[in-house]
Amino acid sequence: MLKEFVAENREEIIRRCRVKVATRVNPPPTEAEIDHGVPLFLDQLVDTLRLGLASSPEIRRSAVLHGHDLLVKGFTVSQVVYDYGDVCQSITDLAVETHKTIGADDFRTLNRCLDDAIAGAVTEFGRERNQRRLAARGSDRLDELRTLHHTALVAFEVLRTGHIGAAGSTGTVLYLSLIGIGTLIDRASRGARAPGRA
């Protein structure tokens, strides 16, 4: 079972994530990157599997805090996405190397938890980045559009890796970002056609 495998191999999974971060060129790694969220995610994954849950609201809440903390520390949203991808790859690589089978239900739970974590972190990172911009310069629709566009691009990049399905939380982040972009375009179009405008 995955929960025992992750619990027994926790330190090795973290070590492998560190190696992956250290070899990453873009975005460049930072010393604190892996120590920040990977151990917490692994512990919450084990708890989720132990309780037999399909996903964990606690993982999403922690990921929101992770997204906030990474923004404050100057990380990029790509670093957050790659960190969670590294966890998935490290778990599956180690399972293959040690000839351990991850059951389909456990693997679905792992992917749902990763999806929820990525979606929560990306959403919070984008929201806080937008708030900081607005506080510094004042609000405008272009800033909203930039934030929605950036969030949509990051969500798409995550989906493009193939580790996460489009029907999950990250797919929802992408969908809502695109809906938001469409809404802003519609508002701008209506404003441009309003009577009295030249």
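Below, each value reflects all heavy atoms present in this structure, side chains not excepted, and no hydrogens, waters or symmetry copies. Owing to the predicted nature of the structure, the values given are computational and were not obtained by experimental measurement.
The 12-atom threshold is not exceeded at NE2 of His149, counting heavy atoms of other residues, nucleotides or ligands nearer than 6.0 Å.
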TODO: Could you walk me through whether Lys20 and Asp93 pass the side chain to side chain contact (heavy atoms under 4.5 Å, CB included) test, one step at a time?
DONE: CA-CA 12 Å; Lys20 288 181 183 297; Asp93 289 350; 3.7 Å; yes
Open item on the list: Pair Thr48, Ile59 - check side chain to side chain contact (heavy atoms under 4.5 Å, CB included), show working.
Closed with: CA-CA 9 Å; Thr48 300; Ile59 285 176; 4.0 Å; yes
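Ion pairing between a basic and an acidic side chain is recognised when a charged N comes within 4.0 Å of a carboxylate O; Asp86 and Arg16 show no such pairing. Ion pairing between a basic and an acidic side chain is recognised when a charged N comes within 4.0 Å of a carboxylate O; Arg15 and Glu11 show no such pairing. Note on Arg112 versus Asp115: no salt bridge recorded, every NZ/NE/NH1/NH2 to OD/OE distance being 4.0 Å or above.
One finds the OG atom of Ser90 at 11.5 Å from the CG atom of Asn9 (value rounded to the nearest 0.5 Å). The CD1 atom of Ile179 sits 10.0 Å away from the CG atom of Leu174 when rounded to the nearest 0.5 Å. A distance of 9.5 Å separates CD in Glu97 from OG1 in Thr92, rounded to the nearest 0.5 Å.
The shortest side-chain heavy-atom distance between Val122 and Thr170 does not fall under the 4.5 Å cut-off. The side-chain heavy atoms of Cys113 and Gln44, taken from C-beta on, include no pair separated by under 4.5 Å. Looking at Cys17 and Val87, their side chains come closer than 4.5 Å, going by heavy atoms from C-beta outward. Looking at Ile91 and Leu45, their side chains come closer than 4.5 Å, going by heavy atoms from C-beta outward. Between Arg18 and Val38, every side-chain heavy-atom pair lies at or beyond the 4.5 Å cut-off.
Evaluation of the side-chain contact (heavy atoms from CB on, under 4.5 Å) rule for Asp106 yields Met1, Leu2, Leu49, Ile102 as partners, not counting sequence neighbours. For Thr151, there are no side chain to side chain donor-acceptor pair (under 3.5 Å) partners two or more places apart in sequence or in a different chain. For Phe41, the ring-ring contact (aromatic ring centres under 6.0 Å, His included) partners two or more places apart in sequence, or in a different chain, are Tyr84. Not counting sequence neighbours, the partners of Leu176 by the side-chain contact (heavy atoms from CB on, under 4.5 Å) test are Thr172.
Residue Thr98 comes nearest to Phe5 through the heavy atom pair OG1-CE1, 3.6 Å, listed as atom of the first residue, atom of the second, then distance. Taking every heavy atom of both residues into account, Cys88 and Asn111 meet most closely at SG-OD1, 4.2 Å.
Listed by first and then second residue, the salt bridge (Lys or Arg N to Asp or Glu O under 4.0 Å) pairs involving residues 48-57 are Asp47-Arg50 (not counting sequence neighbours).
With hydrophobic clusters built from ILVMFWY side chains whose heavy atoms lie under 4.5 angstrom apart, Val173 does not share a cluster with Leu153.
Here Val96 sits alone; no ILVMFWY side chain lies under 4.5 Å from its own, so it joins no hydrophobic cluster.
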